[in-house]
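All remarks here apply to the structure that follows.
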2 protein chains.
Amino acid sequence: MTVLLHVIFEDFIMGRRLQAIAAEGVKVQRATLREVAVMAGVHPATASRALNEQTVSLVNAETAARIKKIAAEMGYSPNPIARSLKTSRSATIGLVIPDLTNPLFPPIVRGVEDVLRSVGYSAWIVNTDNRPDVEKAAVDSFRQRNVEGFVFATAHLKHPLLDELAAASTPMVLVNRRSASADIPSVTSDDAAGVAMAMQHLVELGHTKIVHLAGPQDLSTGVNRRRAFMSNLEDLHLPSEKGRSVICEEWSEEAGAKAMRALLDSGPEFTAVLAGNDLLALGVYDALSERGLRCPHDVSVVGFNDMPFMDKVSPPMTSVRIPQYDIGAEAARLLLEVLNDPDRHPRSLLLPLTLSVRSSTGPVPES
Amino acid sequence: MTVLLHVIFEDFIMGRRLQAIAAEGVKVQRATLREVAVMAGVHPATASRALNEQTVSLVNAETAARIKKIAAEMGYSPNPIARSLKTSRSATIGLVIPDLTNPLFPPIVRGVEDVLRSVGYSAWIVNTDNRPDVEKAAVDSFRQRNVEGFVFATAHLKHPLLDELAAASTPMVLVNRRSASADIPSVTSDDAAGVAMAMQHLVELGHTKIVHLAGPQDLSTGVNRRRAFMSNLEDLHLPSEKGRSVICEEWSEEAGAKAMRALLDSGPEFTAVLAGNDLLALGVYDALSERGLRCPHDVSVVGFNDMPFMDKVSPPMTSVRIPQYDIGAEAARLLLEVLNDPDRHPRSLLLPLTLSVRSSTGPVPES
DNA sequence: TTGAAAGCGCTAACAG
DNA sequence: CTGTTAGCGCTTTCAA
């Protein structure tokens, strides 16, 4: 009886489409679950159960096998929109970054993407240019689309939006930077260790008078690197007056050049510069050559991040290398962990980094 | 009567949620269209009409205003998933690129994203690493998610998948590269003009013996630049034996170095090199310095693309600058045009480029 | 183990 | 101008 009904249904309601689909390749349109069910002579609910890993055990093994076979033949794959509407899930996450044209971020994106893809997830990417309104709009839009979590590369130390999301226990992971409030899981490089390595390297070359160009102090990277610099100065018993660290308003070549000029004009004596990132270090190059100083002959320079092409600039730049790809990949893994087990205690990861030694650092000049 | 019904409905079915929403800020969850309709005392269909630009004219002006006001108060915004399920649209497009870590692509992505955002659209980005299987899977996944069109930065001259999509008249635009088959709309830079500019520049410096490192010949960029080089040689009455253009298997520094070594070992005489892109040109730098040759003193070098930091390498590289951001932006505009009017005849755009003259090119050496 | 029924939130005929 | 009805394609109680 039910079989008869199915046949009737098939003939009258779905006949043409099903025939077309059966005539392999003529996929008029994507097959639906209902059509698979009709072909298999079962109710759509049964087909649904058979086709989902979680529920296939509820279905008679042979029936399930038959349904799967037919689904495969018909090239069926579930409509993620319909599924998402029903389940409020989406197998997607939101990835919020400041600016893709900053070479820091593409490797992170790749890391996130690759790990997510391996489990059938994907990421929505958005660039915010650090504009809170854009970020807010993007997050809203993502939530409407049922993203299951977020990866933020935009964290500021004070970051109301992140606090809000954390309060609502939205699954998320911060990359590259951390936020002061709430213990939001994060994946960052071990900046303090990186600074120590860089300074160790300079000290081994004989440098004792070192200065630091610090990045913006509303970002964890800016603060952490500066703090590490100051405490390493003391630990190494090097001169550590306050003026040895200059704060730059932004991570830009121009800001670096400006700070360097100020140091040359009225700062303490120094033979080496540790820059908060590579762009600042490039600014140092500019300021040095303006003043007729040579690197590393007169001043050694160390950058941070080891962006692409830092081995090609002149002189090739010694820089602290950050494992960008791994940061992205680990962030994705952490987020997936949280999604799989919402009660899991949030972990944060501190990834090791290495020093790329090149020729912008050399022995301390003889005075 | 209908009002009474609404009240009853409100009280018994949706009471708690609506009260919570009314108590400003306590947004338990996003308001739905149905809830807005109840609050406004209208049918959901009416609310839907009032809230959509296309259909608001079908609704009494005052009623529409009231509905809009209430919707705003409730913080209503339509659920894109539900809308997409119903309409098969999504206000999204798929953006398919080979690899985001290639500095060529981020500006293109930004251009696409910015234009789309201005009209409420957004882009799904995927990296394919030039793997056809990944590309196919990504396109499938995009289609299931009802993307309304595609931007491809992965086009090969022979590209079955693109042909297939074109045959199904899928809205799409190619960027940066073109495909041989079908007249798929594209936005590219005017490579021939760029080559001409570069060669003109070299000729003005006195160079007559020029060679070319061509990129892969399965890509339109590789072919077009090479063709332009050959025909410019003839137009300028310069030596144009076949060996003056060497084909590299890939756009990489190593491939460039290899080709350059071959030219130095057994190629024709030359005083200038036009590289198919900047990476190849960097390879030229490497090969030259291996042989103790100086640039531009012994050999002038011109790159293509003017990637970030090409002004920082040593020597700063003269390169043909491509308007990446604009390419992305124009591609998005073209795609939106097609989406708004599917019958529109597909246009292709050829964007002008400029030459960034730096110190890797200089006067021809005195022999 | 399977089917029936309901509904996620929205829009689009069709009536009235 | 507005309400009724139906359904996009799927999952998930509940009942049998």
Side-chain angles (χ1 to χ4, degrees), chain A residues 1-6 9 13-14 17 29-38 40-67 71 74 76-91 143-146, chain B residues 1-6 9 13-14 17 29-38 40-67 71 74 76-91 143-146:
Chain A
M1 173 57 185
T2 56
V3 170
L4 179 59
L5 260 175
H6 280 127
F9 182 60
I13 313 287
M14 313 177 75
R17 280 207 57 194
Q29 249 189 328
R30 197 146 227 83
T32 72
L33 181 63
R34 227 167 71 122
E35 291 165 342
V36 172
V38 170
V42 295
H43 192 272
T46 306
S48 173
R49 293 187 191 104
L51 263 15
N52 278 299
E53 278 315 312
Q54 339 280 355
T55 45
V56 66
S57 56
L58 302 175
V59 176
N60 176 294
E62 285 170 30
T63 314
R66 180 163 44 90
I67 293 171
M74 296 174 74
Y76 170 78
S77 76
N79 179 324
I81 309 262
R83 176 178 277 175
S84 187
L85 182 59
K86 180 68 185 173
T87 64
S88 296
R89 285 178 284 107
S90 65
R143 307 205 74 175
Q144 287 181 18
R145 295 192 140 89
N146 287 341
Chain B
M1 174 58 188
T2 55
V3 170
L4 179 58
L5 261 176
H6 280 128
F9 182 60
I13 313 288
M14 312 176 74
R17 279 207 58 194
Q29 249 188 328
R30 196 145 228 87
T32 73
L33 182 64
R34 227 165 73 120
E35 292 166 341
V36 172
V38 169
V42 296
H43 192 273
T46 305
S48 173
R49 292 187 194 107
L51 263 17
N52 279 299
E53 277 315 313
Q54 339 280 357
T55 46
V56 66
S57 56
L58 303 174
V59 176
N60 176 292
E62 285 171 30
T63 314
R66 180 163 44 91
I67 293 171
M74 296 174 74
Y76 170 78
S77 76
N79 180 325
I81 308 263
R83 176 180 277 175
S84 187
L85 182 59
K86 178 67 186 173
T87 63
S88 296
R89 285 178 285 107
S90 64
R143 306 206 76 176
Q144 286 181 20
R145 296 191 139 89
N146 288 341

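Hydrogens, waters and symmetry mates are skipped; everything else that's a heavy atom, side chains included, is used. First the proteins, then the strands, lettered A, B, ... as listed; each starts at 1. None of these values were measured; they are calculated from a predicted model.
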Return no unless some side-chain N or O of Ser88(B) is found under 4.0 Å from OP1 or OP2 of dC8(D).
no
Which heavy atom of Val59(B) sits nearest a heavy atom of Ala50(B), and at what distance?
CG2-N, 3.9 Å
Does some side-chain heavy atom of Ser48(B) sit less than 4.5 Å from a side-chain heavy atom of Thr55(B)?
no
Contact nearer the 5' end of DNA chain D, comparing Thr46(B) with Ile81(A):
Thr46(B)
Thr46(A) side chain reached by Arg49(A) side chain, heavy atoms, under 4.5 Å
yes
In whole Å, I'd like the distance from the CG atom of Leu85(A) to the C1' atom of dT11(D).
11 Å
Arg30(B) side chain vs Gln144(A) backbone, donor-acceptor pair below 3.5 Å:
no
Phosphate OP1/OP2 of dT2(C): any Thr63(A) side-chain N/O under 4.0 Å
yes
Quick check for you: to the nearest 0.5 Å, what is the distance between Arg145(A) atom CZ and Ser84(B) atom OG?
8.0 Å
The reported gap from NZ in Lys86(B) to CG in Asn79(B) (rounded to nearest 0.5 angstrom) is 14.5 Å
Rounded to the nearest 0.5 Å, how far does CG of Leu51(A) lie from CG of Leu33(A)?
6.5 Å
Arg83(A): partners by side-chain contact (heavy atoms from CB on, under 4.5 Å), with sequence neighbours left out:
Asn52(A), Pro78(A), Thr87(A)
Kindly indicate whether the side chain of Val36(B), heavy atoms from C-beta on, has any atom under 4.5 Å from the side chain of Ile67(B).
yes
Spacing between Arg66(A) atom CZ and dT2(C) atom P, to the nearest angstrom:
9 Å
For atom CD of Glu35(B) and atom P of dC8(C), their distance in whole Å
10 Å
Terminal axes of the helix from dT1(C)-dA16(D) to dG16(C)-dC1(D) (five pairs each): angle between them, nearest 10 degrees:
40°
Under 4.0 Å protein heavy-atom contact, by nucleotide of nucleotides 10-16 of chain C - B base, S sugar-phosphate only:
BBBB---
If I take atom CG in residue Leu58(A) and atom C1' in nucleotide dA15(D), what distance separates them, rounded to the nearest angstrom?
15 Å
From CZ of Arg30(A) over to C1' of dG9(D), roughly how many Å is that when rounded to an integer?
13 Å
Rounded to whole Å, please give me the gap between CD in Glu62(B) and C1' in dC1(D).
13 Å
